[in-house]
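Here is how names work: the chains are called A, B, and so on, in the same order as the sequence lines, proteins then strands, and each is numbered from 1.
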Amino acid sequence: MQILKNQQLTENTWKFLPDDAELPDEPIDITVSLKRWIQDQEILKKYPGKLGIRLNPDDSIDSLPSSLKKVPLIEINFPTFTDGRGFSIAQILRTQFNYESEIRAVGEFMLDQIYYLSRVGVNSFALENQENLPDAITMFNEFSDSYQTSVN
Amino acid sequence: MYQYNNKDQTLINERVAQFRRQTERFLKGELTDDQFRALRLMNGLYIQTHAPMLRVAIPYGLLNSKQIRKLAEIARKYDKGYCHFSTRQNVQYNWPKLETVPDILEELASVQMHAIQTSGNCLRNTTSDHLAGVAPDELEDPRPYCEIIRQWSTFHPEFAYLPRKFKIAVSASKTDRAATQFHDIGVHLVQNEVGQTGFKILAGGGLGRTPIIGQIIKPYLEKQHLLSYLEAILRIYNLYGRRDNKYKARIKILVKETGVGNFTEMVNAEWEKIKQGMEVSEKHFESMKAHFVPPAYNSQAAQDSSFDDAISNNTDFATWIKFNTTDHKVDGYRAVFASLKAPDRPPGDATHQQLDAIANLADEYSFGEIRTTHRQNLVFADVEQSNLFALWQKLNALNLATPNIGTVTDMICCPGLDFCSLANAGSIGIAKQINDTFDSLDYIHDLGELKINISGCMNGCAHQSVGNIGILGVDKKGIEWYQITLGGSSENDASIGDRLGPAIAKEEVVAAIGTILEVYLQHRSQEETFLNTVKRIGITPFREKVYANS
């Protein structure tokens, strides 16, 4: 599967591991829920592959640890495109946690949200429908200027 | 007034192009109904009972004559020759075709207008005092601050998918003419003890199903922190506002359920994290104020004697002056209301001919500008007293001089069942009955200041819960009934009206209003207004009379 990362088509290497799934035998790149990331810290420390976090809208971002900066990927899940909490979560990660690695939008966000998402600091996008990738690339340039100070 | 620079113009042009692409994708089936719904609403486009409805933004209610002519042209070309001014100072077209909306937006963009964020769960048009800049009781002109908020809120990337809509109102006067206590955020210009201008911030007010009066969460905010403070409130709301139930999703419910103390702490904690680096510079305030410098007033205006003569010689003119004009901060000038509440017209509607004529009159008598009011009338803000008689005659000829501003027939009325897909009952019909019944100007003037607000459903677009008399349409097994409330107010003495009793059948509403007015006239002392009488004697005498035979 391809994703959009830094406005380029990129092959995805990451897989989300549901809370009830066992850790994979192969050291593939996985993301886990915040709950699992906090609860299974000791076990996860020993996992040989790369490890990222998937945030849901009602996850308490205040409970994120300061070691967050070392996490290579944070996914922000959009259960529906109308749930805009992910926009604030991205903004806070970038501006208050000074998180610099990849923030990826996953789930039911719309192509038409890509521009605003990129402005609040989301820099990669996993589209459910791969056919939309060519259209998605055009969404970054919908506006040439802006009124607010934001991440981008 | 504010003039777009290249950046503003580029942004709205890009918005038109974006919406044109979105409309094309929707018509080709590439966007679902739900997806397009969210996108079209953020461009003011509803799908209504008969046709789409397009709501066009009038930032803080200010229009120039070129823009008014464009509104008239759009009414002619794309609609049925008229438009409707709303309670949030915006304007609505009830009959555009979906495919033509991008063209309408392009026409609007050519005169620095748009429909951005006039609907949807986002930051809406910022409203203000229709007498901004001319009111004698004003601390400072609020419009530069409104424009700063307008720019900050336009295309704000973080707050476009909020739990629910979000409305900000700004007032700078002793008398609150912008209903700031019933907005998600109310911003009041205030002075601290050493005379510096800053803001008092209210949050959590709102009308609709659960009317709540906003509470002060920041008694004094230094003005450079305006945007960081608004941003902190919005972030807390975006993260913690309820999304499980749309009727509990407004910030008023968050403030109520969290408690104003806790809510304020959350906002202040967020604000402390972000305020540094977000300050609005003095230079920016000054450059914004430069857009709102007072026009070139005639310093000899008060020398004119023809005005006093005309008042003495013409009682109709004198009556119009009394009801439809108001004091101005500059001697020899008055602000003039054009009444959109003529008895034979739906409240708030204007025809394209009227709009074109208004544009010409604005050029001739009021420095080319017009304001819209949240009570759905228009204002010529800067009319020299020597011109009032001529303006009155011309407005009269246009059916825009009904001397009823602030009286029983100056009703706020939503489009109701006739146009709106949400409505349970008609509202324009009730307004018409009230007009037909109370057709004696002497009687209307004797009643004095009296605000009737009529909404066709619980959503309360006409703010019935803060009407001195509120009329709310409800549906009972397919039949239209009306719930009456008394004693509401959206001004300084903000209050929510009390229910008079059980809902009343459509054909009995006007008789009930007549009875209520009789009770008032029996009980009022001297010059006491309807609202003050209700507050003094309570609702019982009204209830007993209205329901006497049931």
Side-chain angles (χ1 to χ4, degrees), chain A residues 55-63 76 78-98 105 107-122 128-129 131-132 134-136 138-152, chain B residues 5-15 17-19 21-22 25-26 30-32 34-39 42 120-122 148-164 227-228 231 234-241 243-244 246 266 269-270 273-274 277-279:
Chain A
L55 294 178
N56 276 302
D58 43 16
D59 281 335
S60 165
I61 34 178
D62 293 337
S63 65
I76 296 178
F78 287 83
T80 70
F81 74 83
T82 53
D83 191 330
R85 286 177 284 184
F87 290 81
S88 286
I89 291 171
Q91 175 82 20
I92 290 170
L93 287 174
R94 291 292 189 214
T95 57
Q96 294 178 23
F97 286 85
N98 300 318
E108 298 290 324
F109 65 92
M110 283 191 283
L111 292 189
D112 302 85
Q113 291 174 311
I114 286 177
Y115 175 73
Y116 281 176
L117 282 168
S118 69
R119 285 208 58 213
V120 294
V122 175
E128 304 267 305
N129 185 351
E131 285 175 21
N132 287 332
D135 282 341
T138 67
M139 294 291 173
F140 295 98
N141 304 314
E142 292 209 291
F143 293 94
S144 56
D145 210 331
S146 60
Y147 287 119
Q148 309 79 8
T149 48
S150 198
V151 178
N152 293 305
Chain B
N5 57 28
N6 282 341
K7 173 176 161 175
D8 302 310
Q9 190 65 50
T10 302
L11 280 169
I12 60 162
N13 291 348
E14 287 172 345
R15 177 63 152 201
Q18 180 195 42
F19 188 65
R21 288 193 298 273
Q22 288 166 344
R25 281 163 57 218
F26 171 69
E30 291 172 15
L31 281 170
T32 66
D34 278 350
Q35 289 172 333
F36 186 60
R37 182 174 179 278
L39 300 170
M42 280 190 268
N121 296 332
C122 54
I148 287 170
I149 297 172
R150 182 194 78 79
Q151 296 191 8
W152 164 81
S153 63
T154 300
F155 307 143
H156 198 298
E158 188 181 339
F159 306 128
Y161 297 88
L162 295 169
R164 201 74 179 85
L227 297 184
S228 59
E231 189 137 323
L234 263 298
R235 186 165 297 147
I236 295 301
Y237 172 58
N238 190 35
L239 285 170
Y240 303 108
R243 291 174 186 266
D244 59 325
K246 76 178 242 193
M266 289 161 78
E270 183 62 26
K273 292 182 202 165
I274 64 173
M278 273 194 80
E279 295 90 347

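Looking at Leu117(A), there are no atoms closer than 4.5 Å to chain B (heavy atoms on both sides), in backbone or side chain. Residue Leu234(B) does not touch chain A at all, counting heavy-atom pairs closer than 4.5 Å. Residue contact with chain A, scored on non-hydrogen atoms closer than 4.5 Å, involves the backbone and the side chain of Asp8(B) alike. For a residue to count as touching a neighbouring chain, one of its non-hydrogen atoms must lie under 4.5 Å from one of that chain's; by this rule Asp83(A) touches chain B with backbone and side chain alike. Contact of Asn141(A) with chain B is not made at all, since no heavy-atom distance falls under 4.5 Å. Only the backbone of Thr82(A) comes within contact range of chain B, judged by heavy atoms closer than 4.5 Å. Interface remark: Leu239(B) contributes backbone and side-chain atoms alike to the contact with chain A (heavy atom separation under 4.5 Å). For Arg150(B), the part lying under 4.5 angstrom from a heavy atom of chain A is the side chain only.
Nearest heavy atoms, Ser88(A) versus Asn238(B): OG-ND2, 2.9 Å. Residues Arg15(B) and Tyr116(A) share a closest heavy-atom pair of NH1-OH, 4.3 Å.
Asp59(A) meets the salt bridge (charged side-chain N to carboxylate O under 4.0 Å, His left out) test with no other residue; sequence neighbours excluded. With sequence neighbours left out, the salt bridge (charged side-chain N to carboxylate O under 4.0 Å, His left out) criterion links Glu108(A) to no other residue.
Here Arg119(A) contributes atom CZ and His156(B) contributes atom NE2; the two are 8.0 Å apart, rounded to the nearest 0.5 Å. With rounding to the nearest 0.5 Å, the separation of CZ in Phe155(B) from OG in Ser150(A) is 14.5 Å. Here CD of Gln9(B) is found 13.0 Å from CG of Asp145(A). Values are rounded to the nearest 0.5 Å.
In this structure, Glu158(B) contributes its side chain and Phe87(A) its backbone to no donor-acceptor pair below 3.5 Å.
Using a 4.5 Å heavy-atom threshold, the side chains of Leu227(B) and Thr149(A) count as separate. Looking only at side-chain heavy atoms (C-beta outward), Arg85(A) and Arg243(B) come within less than 4.5 Å of each other.
Between Asp135(A) and Arg25(B), none of the side-chain N atoms (NZ, or NE/NH1/NH2) sits under 4.0 Å from a carboxylate O, so this pair counts as no salt bridge.
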Next on the checklist: Run Arg235(B) and Gln91(A) through side chain to side chain contact (heavy atoms under 4.5 Å, CB included) and show every step you take.
Outcome noted: CA-CA 10 Å; Arg235(B) 186 165 297 147; Gln91(A) 175 82 20; 3.3 Å; yes
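Heavy-atom pairs under 4.5 Å with chain A were tallied for Thr10(B), Asn13(B), Thr154(B); the largest tally goes to Thr154(B). Between chain A and the residues Glu30(B), Glu231(B), Arg21(B), the largest count of heavy-atom pairs under 4.5 Å involves Arg21(B).
Using a 30° and 60° split on the angle between ring planes, Phe81(A) and Tyr161(B) fall in the perpendicular class, above 60°.
Counting non-hydrogen atoms of other residues, nucleotides and ligands closer than 6.0 Å to CG of Asp244(B) gives a total above 12.
Side-chain contact, Glu14(B) with Ser144(A): a donor N or O sits under 3.5 Å from an acceptor N or O.
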